[in-house]
Amino acid sequence: MRAVPTRDSVLPSSQGKPTSRHRPHAALKRSVIALAAVPLFDGFSKAHLRRLAGEADLVEFGPGRAIVEEAQAGEAMFVILAGKARVVRAGRKVGTLIPGDFFGELSALDGGPRTASVVPDTPMEVLRLFRHTLHRLVKQEPALVMSMLEGLARRLRQVQVGTPVA
């Protein structure tokens, strides 16, 4: 899971702190690089990745409080830029996430429930990309759907039985 929920599954704004939408060029470039590493976006052009990065939120989370919670509906995916988190399923740690990892892509696609909780162990900075942003992009450019499906298929082939997917 190397490489970002419903509003109910994201910490309230007082706990998760989004940064400004208008980011400096260096931050936007960093976001594009992070999104390019997500298999779901493998077929996206640099222009599409820049567009996604421009619409993604940079969010900071402190340690100890879940970013997403198991069984909660989701509407966003996350890409970890800094920090470390644990993946928890049924109260047990089943994995660790580090910068470059991503989670929540399935819920971002279907709005379904989270399969695990993700709890920061350290302060974290993540890119958050909402489902409605993905929907808007593919409605405007339907050819991207095939790229996303191919990326999802590659991701599913990589996931082995028992691998935590949040």
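Computed over heavy atoms, backbone and side chain alike; hydrogens, waters and symmetry mates excluded. Throughout, numbering of the chain's residues begins at 1 and tracks the sequence. All of these numbers come straight from a predicted model, not from anything done at the bench.
- The closest side-chain heavy-atom distance from S107 to P113 is not below 4.5 Å.
- Side-chain contact check for I33 versus R30: every heavy-atom pair is 4.5 Å or farther apart.
- Here H132 contributes atom NE2 and K139 contributes atom NZ; the two are 12.0 Å apart, rounded to the nearest 0.5 Å.
- Expressed to the nearest 0.5 Å, how far CD of E75 lies from OG1 of T133 amounts to 9.5 Å.
- P63 and P123 get closest at one heavy-atom pair: CD-N, 4.0 Å.
- Hydrophobic clustering, with ILVMFWY side chains joined whenever heavy atoms are under 4.5 angstrom apart, groups M148 together with V38.
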Donor-acceptor pairs are to be reported for all side-chain atoms of residues 80-88 against protein atoms at under 3.5 Å, with residues two or more places apart or in another chain.
from, atom 1, to, atom 2, distance (Å)
R86, NH1, D121, OD1, 2.2

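- One finds the CZ atom of F102 at 12.5 Å from the CG atom of L129 (value rounded to the nearest 0.5 Å).
- At a threshold of 4.5 Å between non-hydrogen side-chain atoms, the residues E69 and R114 do not count as touching.
- The shortest distance between side-chain heavy atoms of V118 and F61 does not fall below 4.5 Å.
- Every residue two or more places apart in sequence or in another chain was checked for a salt bridge (Lys or Arg N to Asp or Glu O under 4.0 Å) with E150, and none qualifies.
- Hydrophobic cluster membership differs between V126 and V119, with clusters built from Ile, Leu, Val, Met, Phe, Trp and Tyr side chains linked at under 4.5 angstrom.
- Between V32 and F44 the shortest side-chain heavy-atom distance does not fall below 4.5 Å.
- Heavy-atom minimum distance, F103 versus V68: CE1-CG2, 4.1 Å.
- The closest donor-acceptor contact from the side chain of E70 to the backbone of A90 lies under 3.5 Å.
- The side chain to side chain donor-acceptor pair (under 3.5 Å) contacts involving residues 33-45 comprise D42-R154, S45-H48, where partners must be two or more places apart or lie in separate chains.
- For the pair V59 and I67, the minimum side-chain heavy-atom distance is 4.5 Å or more.
- The CE atom of M124 sits 6.5 Å away from the OG1 atom of T122 when rounded to the nearest 0.5 Å.
- Looking at every heavy atom in both residues, A53 comes nearest to S31 through CB-CB, 3.7 Å.
- Counting heavy atoms from C-beta on, the side chains of L52 and L134 come closer than 4.5 Å.
- From R50, atom CZ reaches atom CG of L28 across 8.0 Å, with rounding to the nearest 0.5 Å.
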